[in-house]
Amino acid sequence: MARMGESFGLHPETPMGTVPPGPLTAVPPPAPAVMEPAFHSAKIATPHIAMTFDDGPHPTLTPRLLDMLAERDIKATFYVIGRNVEAHPEIARRIVSEGHEIANHTWTHPALSKLSDERIAEELRRTHEEVFAVTGYRITGLRPPYGASNDRVRQIAFDKHGYGTIMWSVDPLDWKYRNTVRVTRELVVGASPGAVLLAHDIHPTTIAAVPSTLDQLTAKKFEFVTVHHLLEMDKSGRQDLNLRPPGPKPGALPS
Ligand SMILES: [Zn+2]
């Protein structure tokens with residue numbers, strides 16, 4: 001495993017006039033020069049939040065969820081399991097084509113912190129490559145299953161793919177409480193500026209909670225963005241704390 005400091009060569013020295021490698025080669029994406037801490041929420045004052053869905057794509061529930069999001073013109077982030085992408089590539093393509101973010105939730109959903117370095121890398125690589133193969137989308141983030149992460153997992157994710165590690169700040173425990181009213185309430189009550197809301201698009205009770213959750217949060221003036229967008233806002237928000245309060249103009253942010 002490369003150590004931090006050896007990872008700075010993320011922009012290879014390509015001699016002038018040579019053709020850059022094609023998209024199917026395993027070139028790391030542009031990434032921060034140093035590994036950042038796991039991301040839980042954005043320190044921002046604007047009412048932006050990220051809705052995230054783990055463990056799909058599910059053959060029937062994920063398309064229903066995508067319909068709900070499209071009806072409201074809301075973008076979300078999907079932490080997909082690679083073998084589910086392999087089984088339902090058309091749904092993965094739909095996630096990407098409708099403007100959502102897609103990110104890595106491993107190939108088989110193990111607790112990464114218990115695996116060897118090699119197996120961690122393999123879990124990430126297979127999903128990274130499968131998503132790229134079927135959607136053309138180059139993933140930039142990992143959400144570790146069960147939140148089971150540590151410095152070693154984060155370092156491998158960063159070294160191999162330039163990934164940030166993405167956690168969450170609001171957890172309705174929807175996998176445990178298969179109760180639509182409860183899931184809705186926990187998400188709505190838990191939301192605050194910069195929050196990352198966790199849900200799973202493999203439970204019917206969760207999908208049933210989505211319309212009311214989105215509509216109540218919209219009524220409370222929250223605005224939904226992808227996790228990638230929230231990360232960008234977090235960075236500019238920190239700059240703004242030093243340079244030009246009170247905060248970033250959402251319209252000025254990269255999309
Ligand atoms: Zn999961």
Side-chain angles (χ1 to χ4, degrees), residues 38-41 49-66 69 76-89 91-92 94-96 100-115 119-131 134-135 137 139-150 152-154 156-158 160-161 163-180 182-184 186-187 190 195-210 213 226-228 230-231:
F39 179 72
H40 295 260
S41 63
I49 57 177
M51 196 71 231
T52 68
F53 296 95
D54 291 10
D55 295 0
H58 183 281
T60 58
L61 296 178
T62 304
R64 280 176 54 197
L65 170 61
L66 287 166
L69 294 167
T77 302
F78 290 81
Y79 293 93
V80 294
I81 296 175
R83 61 185 178 185
N84 291 349
V85 172
E86 184 182 51
H88 309 292
I91 303 176
R94 191 179 158 198
I95 289 171
V96 170
H100 304 290
E101 181 177 357
I102 195 165
N104 201 322
H105 199 46
T106 74
W107 186 261
T108 66
H109 206 268
L112 292 174
S113 54
K114 295 179 180 171
L115 301 187
R119 285 196 58 202
I120 293 169
E122 188 66 2
E123 285 281 340
L124 305 188
R125 182 193 64 77
R126 288 187 75 182
T127 296
H128 187 89
E129 293 183 356
E130 182 69 20
V131 166
V134 303
T135 69
Y137 190 101
I139 287 175
T140 61
L142 164 71
R143 174 170 280 165
Y146 317 105
S149 187
N150 55 28
R152 188 170 61 93
V153 171
R154 287 172 46 234
I156 292 169
F158 179 77
K160 298 289 185 185
H161 301 290
Y163 284 171
T165 297
I166 311 298
M167 307 300 271
W168 57 84
S169 60
V170 179
D171 182 0
L173 301 175
D174 63 325
W175 56 271
K176 185 175 180 182
Y177 301 106
R178 307 292 175 88
N179 178 317
T180 295
R182 181 188 174 115
V183 170
T184 303
E186 293 298 312
L187 290 169
V196 177
L197 282 59
L198 170 66
H200 297 81
D201 55 331
I202 56 169
H203 304 309
T205 41
T206 296
I207 300 307
V210 167
T213 298
T226 63
V227 165
H228 182 79
L230 207 55
L231 272 165

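In each ligand, atom 1 is the first atom listed, and ligand 1 is the first ligand listed. Just the heavy atoms: all of them, side chains too, but no hydrogens, waters or symmetry mates, feed the values below. Not measured: the values here are computed from a predicted model.
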When you measure from the Zn ion (ligand 1) to each N, O or S atom of [X], which atom gives the shortest distance?
X: His109; answer: NE2
X: His105; answer: NE2
X: Asp55; answer: OD1

One pair to check against side chain to side chain contact (heavy atoms under 4.5 Å, CB included): Thr205 and Asp174. What are the steps and the verdict? CA-CA 8 Å; Thr205 41; Asp174 63 325; over 6 Å; no

How long is the straight-line distance from CZ of Phe39 back to CD1 of Ile166, given to the nearest 0.5 Å? 6.5 Å

Roughly how far apart are Thr60 OG1 and Asp201 CG, rounded to 0.5 Å? 10.5 Å

Between the side chains of Arg125 and Glu129, is the shortest nitrogen-to-carboxylate-oxygen separation below 4.0 Å, so that they form an ion pair? yes

